Amino acid sequence: PRATPVWHEGKLYALGATGEFRCLDAATGKVIWSKNILSDNGAANIVWGMANSPLIVDDMVIVTPGGSGSRSVVAYSKRTGERLWGALDDKAAYTSPMLVQLLGERQLIVVTAKRMVGLRVETGELLWDFPWTTMYDINSAQPIVVDSEHVFISAGYDHGAALVKIAKGERGYTATRVWENRNLKNRFNSSLLHDGHIYGFDESIFACIDARTGERKWKAGRYGYGQALLVAGNGPARIIVITESGDLVLIDPAPSELKEIARFPAIKGKTWNHPALSEGILLVRNTREMAAFDLRAP
């Protein structure tokens, strides 16, 4: 898989780069059901392969094969693999579908190769869309729900970012631009929202912008095309960055300036993989090695 598998109720849902989609027993690895979402939906693979994590919602597992004829976004039964509904005709991008709350209603947000859309959870009905056309049709970063009516989206290759307002009137939903600029260009690394500010990679340099206005507060961390993780619990919030070269950086999120607390080499070689944190243990990996670090207080 080029996308993170999903664990749910003792099962693993894993989507491979060529569209092979399998539901496995997590304890034994036994295949419960499988299918190729590309051939099943008459879709051609995209340049860098399927890299969209499945999404479990209610009794469904939702994937984005990018087929035409209402087969771009598809919901299967999480238990049997039976098709439940299909929607849109869009070519797929590299983002994963998201379950969100907007204006008090559950919706799916999906970013395709050409736009960001809101879909009705139960049927896949299109509620709203916002054009988002990028170079090479590459949309890889996950959107961020800023509040109940605003969504942030970003893309790299000199494209930029935008804040989109979702509204609902007598004729249904609308999606309109609040601001758009080039102050934060996420290529394949998603940004983070903390206290009204968005922290993320402007191409290969870490930066902070005001979520409401798009104003850049600072651009300073030369971490390459790394990945970032926000940790917010009982103590002060922290951002964990794994740099492209494998260094681990701990950041105190502040809109005034970049505040590095610590930095040390974690793994060797090009590192594009996202870190994971579980019960105070941080896991990092790349194509060569994997490491675990204990971040719990002594």
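Remember, predicted model here, so these are calculated numbers, not experimental data. These numbers come from the heavy atoms of this one structure, side chains and all, not from hydrogens, waters or symmetry mates.
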Legend entry - Atom CZ of Arg22 with >12 non-hydrogen neighbours under 6.0 angstrom: no
Inset, instruction - Taking Thr112 for its side chain and Arg115 for its backbone only, find out whether a donor-acceptor pair lies under 3.5 Å. - result: yes
Inset, instruction - Report whether Tyr76 and Leu108 are members of the same hydrophobic cluster (ILVMFWY, side-chain heavy atoms less than 4.5 Å apart, transitive linking). - result: no
Inset, instruction - Look up atom CD in Glu82 and atom CG in Asp59, then write down how far apart they are to the nearest 0.5 Å. - result: 11.5 Å
Legend entry - Donor-acceptor contact below 3.5 Å, side chain Asn181 vs main chain Gly214: yes
Inset, instruction - Could you pull out all residues at least two apart from Lys114 that satisfy side-chain hydrogen bond (donor to acceptor under 3.5 Å, both in side chains)? - result: Asp137
Inset, instruction - List in chain and number order the residues that pass side chain to side chain contact (heavy atoms under 4.5 Å, CB included) with Ala276, two or more places apart in sequence or in another chain; answer none if no residue qualifies. - result: none
Inset, instruction - Carefully, step by step, assess Asp202 and Arg187 under the rule salt bridge (Lys or Arg N to Asp or Glu O under 4.0 Å). - result: CA-CA 8 Å; Asp202 182 28; Arg187 182 169 289 196; over 6 Å; no
Legend entry - Cluster overlap Leu12 with Ile56, hydrophobic side-chain contacts below 4.5 Å: no
Legend entry - Heavy-atom pair with the smallest gap, counting every atom of Val73 and Trp85: O-CZ3, 3.7 Å
Inset, instruction - With rounding to the nearest 0.5 Å, note down the distance linking CE in Met60 to CG in Leu84. - result: 7.0 Å
Inset, instruction - Report yes if the side chains of Val164 and Thr176 come closer than 4.5 Å at any heavy-atom pair, otherwise no. - result: no
Legend entry - Sequence-distant partners of Arg296, side-chain hydrogen bond (donor to acceptor under 3.5 Å, both in side chains), two or more places apart: Asp294
Legend entry - Backbone of Leu184 reached by a side-chain donor or acceptor of Ser154 within 3.5 Å: yes
Inset, instruction - Measure the spacing between OG of Ser148 and CG of Leu103 and express it to the nearest 0.5 Å. - result: 6.0 Å
Legend entry - Validation row: Gln101, Arg106 side chains within 4.5 angstrom (heavy atoms): yes
Legend entry - Those residues that, when tested against Lys168, pass salt bridge (Lys or Arg N to Asp or Glu O under 4.0 Å) (two or more places apart): Glu105
Inset, instruction - Provide the closest heavy-atom pair for Leu277 versus Gly280 in the form atom of the first, atom of the second, distance. - result: CD1-C, 3.9 Å
Inset, instruction - Just grab all the salt bridge (charged side-chain N to carboxylate O under 4.0 Å, His left out) pairs involving residues 32-42, residues at least two apart or on different chains. - result: Asp40-Arg83
Inset, instruction - Determine whether Leu126 and Val117 make a side-chain contact, defined as any pair of heavy atoms from C-beta on separated by less than 4.5 Å. - result: yes
Inset, instruction - Measure the shortest side-chain to side-chain distance between Asn139 and Tyr94 over non-hydrogen atoms and say whether it is less than 4.5 angstrom. - result: no
Inset, instruction - Kindly indicate whether the side chain of Val121, heavy atoms from C-beta on, has any atom under 4.5 Å from the side chain of Leu119. - result: no
Inset, instruction - Take Val284 and Thr271 through the test side chain to side chain contact (heavy atoms under 4.5 Å, CB included) and record every step on the way to the result. - result: CA-CA 9 Å; Val284 295; Thr271 303; 5.9 Å; no
Legend entry - Side chains of Gln107 and Trp128, donor plus acceptor under 3.5 Å: yes
Legend entry - CD1 on Ile109 to OG on Ser96, rounded to 0.5 Å: 13.0 Å
Inset, instruction - Specify whether Tyr136 and Tyr157 have parallel, tilted or perpendicular ring planes, treating 30° as the upper limit for parallel and 60° as the lower limit for perpendicular. - result: perpendicular
Inset, instruction - Would you mind reporting whether Arg182 and His159 have side-chain heavy atoms less than 4.5 Å apart? - result: no
Inset, instruction - State the CG-CD1 distance between Leu295 and Ile240, to the nearest 0.5 angstrom. - result: 5.0 Å
Legend entry - Transitive ILVMFWY side-chain link Ile46 to Leu15, under 4.5 Å: yes
Legend entry - Check: Asn36 side chain, Leu38 main-chain N or O, donor-acceptor pair, under 3.5 Å: yes
Inset, instruction - Applying side chain to side chain contact (heavy atoms under 4.5 Å, CB included), name anything that partners Asn273, two or more places apart in sequence or on another chain. - result: Arg285, Asn286
Inset, instruction - Show the numbers, then the answer: is there a side chain to side chain donor-acceptor pair (under 3.5 Å) between Ser245 and Thr243? - result: CA-CA 5 Å; Ser245 61; Thr243 72; 3.1 Å; yes
Legend entry - With Ile32 via side chain to side chain contact (heavy atoms under 4.5 Å, CB included) - residues at least two apart: Lys11, Cys23, Asp25
Inset, instruction - Mind telling me whether Trp33 and Phe21 have parallel, tilted or perpendicular rings, with 30° and 60° as the class edges? - result: perpendicular
Inset, instruction - Taking the side chain as every heavy atom from C-beta outward, state whether Leu102 and Val145 have any atom pair closer than 4.5 Å. - result: yes
Can you list, pair by pair, the side-chain donor-acceptor contacts under 3.5 Å of residues 248-267, counting residues two or more places apart and other chains?
{"residue": "Glu260", "atom": "OE2", "partner": "Tyr223", "partner atom": "OH", "Å": "2.6"}
{"residue": "Arg263", "atom": "NE", "partner": "Asp247", "partner atom": "OD2", "Å": "3.2"}
{"residue": "Arg263", "atom": "NH2", "partner": "Asp247", "partner atom": "OD2", "Å": "3.4"}

Inset, instruction - Report, as yes or no, whether the 6.0 Å neighbourhood of atom NZ on Lys91 holds more than 12 heavy atoms from other residues, nucleotides or ligands. - result: yes
Inset, instruction - Kindly work out whether a path of hydrophobic side-chain contacts (I/L/V/M/F/W/Y, heavy atoms less than 4.5 Å apart) joins Ile166 to Leu163. - result: no
Inset, instruction - Take Glu215 and Ile209 through the side chain to side chain contact (heavy atoms under 4.5 Å, CB included) test and state the conclusion after the steps. - result: CA-CA 5 Å; Glu215 176 191 2; Ile209 66 170; over 6 Å; no
Inset, instruction - Output yes when Arg216 and Asp210 qualify as a salt bridge under the 4.0 Å nitrogen-oxygen rule, no when they do not. - result: no
Inset, instruction - List for me each residue that meets ring-ring contact (aromatic ring centres under 6.0 Å, His included) alongside Phe201, sequence neighbours excluded, and say none if there are none. - result: Phe206
Inset, instruction - Apply side chain to side chain contact (heavy atoms under 4.5 Å, CB included) to the pair Leu55 and Val57, showing each step before the final yes or no. - result: CA-CA 6 Å; Leu55 174 67; Val57 181; 3.7 Å; yes
Inset, instruction - Using the side chain to side chain contact (heavy atoms under 4.5 Å, CB included) rule, take Ile62 and Val74 through it: C-alpha gap first, then chi angles, then the decisive distance, then the call. - result: CA-CA 6 Å; Ile62 296 164; Val74 176; over 6 Å; no
Which side-chain N or O atoms in residues 190-197 pair as donor and acceptor under 3.5 Å with protein atoms at least two apart or in another chain?
{"residue": "Ser190", "atom": "OG", "partner": "Gln142", "partner atom": "N", "Å": "2.9"}
{"residue": "Ser191", "atom": "OG", "partner": "Asn186", "partner atom": "OD1", "Å": "2.8"}
{"residue": "Ser191", "atom": "OG", "partner": "Asn186", "partner atom": "ND2", "Å": "3.1"}
{"residue": "His197", "atom": "ND1", "partner": "Asp195", "partner atom": "O", "Å": "3.1"}

Show every donor-acceptor pair shorter than 3.5 Å between a side-chain atom in residues 1-10 and any protein atom, with sequence neighbours excluded, or say none if there are none.
{"residue": "Arg2", "atom": "NH1", "partner": "Trp48", "partner atom": "O", "Å": "2.4"}
{"residue": "His8", "atom": "NE2", "partner": "Lys78", "partner atom": "NZ", "Å": "2.9"}

With a cut-off of 3.5 Å and sequence neighbours excluded, list every side-chain donor-acceptor pair involving residues 225-233.
{"residue": "Tyr225", "atom": "OH", "partner": "Glu203", "partner atom": "OE1", "Å": "2.8"}
{"residue": "Gln227", "atom": "NE2", "partner": "Phe188", "partner atom": "O", "Å": "3.4"}
{"residue": "Gln227", "atom": "NE2", "partner": "Trp272", "partner atom": "O", "Å": "3.0"}

Legend entry - Within-4.5 Å side-chain heavy-atom neighbours: Trp132 and Ile153: yes
Legend entry - Rounded distance [0.5 Å steps], CD in Glu125 versus CG in Leu88: 11.0 Å
